[in-house]
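Working notes for the structure below.
Order of listing sets the numbers, starting from 1, for every ligand and every atom in it. What you see is a predicted model; the values in this text were computed from it and never measured. Residue numbers start at 1 and run along the sequence shown.
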Amino acid sequence: MTRWIDISQPLDENVPVWPGDTPFSYRLTWTKEDTGSVNVGQLTMSTHTGTHIDAPFHFDSSGKKVIDLSPDLYLGPVRVVYLKHPQTIGPEELKGENLEGVSRLLIRTDTWLDRSSFPAAIPPVHPTLAPFLAERGIRLLGLDLPSVDPLDSKELPAHHALTSHGVHILEGAVLYRVEAGDYEMVALPLPLTEADGSPVRAMLRPI
Ligand SMILES: Nc1ccccc1C(=O)C[C@H](N)C(=O)O
Ligand SMILES: [Zn+2]
Ligand SMILES: [Zn+2]
């Protein structure tokens with residue numbers, strides 16, 4: 001009946017995290033036996049676990065926090081593009097795509113298919129992609145990768161370029177089952193007033 005496709009990574013202790021970052025944990029603070037009424041859980045996790053969005057505060061101490069980001073960024077039409085195993089993700093790779101009227105873009109690369117471990121290397125987004133997307137009116141870029149920059153980058157040139165061009169970032173989407181095309185998306189962050197990022201439940205429906 002529902003045609004929604006889940007593009008979120010399931011969250012449990014098997015979800016790989018950024019090397020050295022907080023492991024995911026869900027445990028019961030109280031069991032139904034303890035309370036006589038309910039099980040009550042507790043989550044411990046990095047804000048950059050699984051499918052998540054980055055707030056600018058993640059890499060800019062005066063940048064916006066999650067609560068400051070318009071929910072509209074994460075709700076509505078989205079274009080999915082398939083770039084199979086690219087070396088880098090830049091304007092050159094997207095030149096065959098007509099992105100007219102597109103405001104949200106998801107790029108499937110299939111370079112992180114084993115979601116039980118953190119990748120050794122990823123194709124980085126080239127910072128020149130930021131003005132290219134902004135010129136076309138794109139305000140959200142999502143990828144099936146844990147970062148838009150090389151994993152050892154300290155400067156984070158793509159994060160900064162995207163943000164300074166008004167392009168927001170969604171990372172860790174699970175796209176291997178998703179064909180290129182146009183979809184409706186829901187990928188709302190939690191209303192975290194202080195956070196640098198948020199996990200999202202990301203769903204797509206073909207349109
Ligand atoms: N969790 C981390 C811990 C240490 C250093 C980086 C990260 C990151 O998450 C960076 C990545 N570019 C991200 O935005 O998700
Ligand atoms: Zn992140
Ligand atoms: Zn990031």
Side-chain angles (χ1 to χ4, degrees), residues 7-26 43-71 73-74 78 83 86 88-90 104-109 111-130 133-134 138-175 185 187-202:
I7 58 164
S8 324
Q9 178 153 14
L11 295 175
D12 57 33
E13 66 279 6
N14 299 316
V15 69
V17 296
W18 196 272
D21 204 350
T22 313
F24 179 92
S25 134
Y26 169 82
L43 289 171
T44 308
M45 66 189 292
S46 163
T47 46
H48 299 268
T49 306
T51 311
H52 70 277
I53 61 112
D54 287 359
F57 177 61
H58 179 45
F59 40 87
D60 172 0
S61 299
S62 55
K64 288 185 176 179
K65 312 256 177 99
V66 175
I67 198 78
D68 304 321
L69 303 169
S70 171
L73 292 162
Y74 310 103
V78 65
L83 303 178
T88 167
I89 302 163
R104 302 173 194 81
L105 180 66
L106 291 178
I107 300 178
R108 170 181 165 191
T109 69
T111 49
W112 183 25
L113 291 173
D114 175 9
R115 289 305 188 91
S116 66
S117 67
F118 206 79
I122 58 169
V125 168
H126 198 279
T128 56
L129 189 64
L133 296 179
I138 290 169
R139 309 234 14 243
L140 180 76
L141 173 65
L143 291 145
D144 55 358
L145 298 167
S147 183
V148 293
D149 276 300
L151 298 176
D152 58 358
S153 173
K154 291 280 182 225
E155 310 293 321
L156 304 177
H159 281 85
H160 286 284
L162 290 165
T163 299
S164 67
H165 285 88
V167 183
H168 297 74
I169 302 167
L170 168 71
E171 294 168 330
V174 178
L175 297 174
M185 180 173 69
L188 288 170
L190 300 173
L192 298 166
T193 62
E194 296 180 276
D196 59 292
S198 173
V200 298
R201 182 69 179 268

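For the side-chain hydrogen bond (donor to acceptor under 3.5 Å, both in side chains) criterion with H58, the lone passing option out of H48, K64, K65 is H48.
Looking at heavy atoms from C-beta onward, V15 lies in side-chain contact with Q9 at the 4.5 angstrom threshold. No side-chain heavy atom of R104 sits less than 4.5 Å from a side-chain heavy atom of R139. In this structure the side chain of D54 reaches within 4.5 angstrom of the side chain of F59, judged on heavy atoms. Using a 4.5 Å heavy-atom cutoff, the side chains of I7 and T51 are not in contact. Under the 4.5 Å side-chain criterion, counting only non-hydrogen atoms from C-beta, T111 is in contact with L145. Taking 4.5 Å as the limit, some side-chain heavy atom of P146 sits within range of a side-chain heavy atom of P119. W18 has its side chain out of reach of T49: every pair of non-hydrogen atoms, C-beta onward, lies at least 4.5 Å apart. In this structure, I169 and I53 have side chains that are not in contact, with every pair of non-hydrogen atoms separated by 4.5 Å or more.
In summary, the atoms of ligand 1 found under 4.0 Å from a heavy atom of H159, numbered by their order in the structure, are 12 (N), 14 (O). Each of the following atoms of ligand 1 lies closer than 4.0 Å to a heavy atom of P146: 11 (C), 13 (C), 15 (O). Counting the atoms of ligand 1 from 1 in the order shown, those under 4.0 Å from a heavy atom of H52 are 15 (O). Less than 4.0 angstrom separates some heavy atom of D21 from each of these atoms of ligand 1: 1 (N), 2 (C), 3 (C).
Ranking protein heavy atoms by distance to atom 15 (O) of ligand 1, first place goes to E171 OE1, 2.8 Å. Closest protein heavy atom to atom 12 (N) of ligand 1: S147 OG, 2.9 Å. Nearest non-hydrogen protein atom to atom 14 (O) of ligand 1 is H58 NE2, 2.8 Å. When only non-hydrogen protein atoms are considered, atom 5 (C) of ligand 1 lies nearest to W18 NE1, 3.3 Å.
Within the 4.0 Å heavy-atom shell around ligand 1 one finds D54.
The N, O or S atom of E171 lying closest to the Zn ion (ligand 3) is OE2. The closest approach of H52 to the Zn ion (ligand 2), by N/O/S atoms, is made by NE2. Residue H159 approaches the Zn ion (ligand 3) most closely through its N/O/S atom NE2.
For residue D54, an N/O/S atom approaches the Zn ion (ligand 3) to within less than 2.8 Å. Residue contact annotation: H48 places an N/O/S atom under 2.8 Å from the Zn ion (ligand 2).
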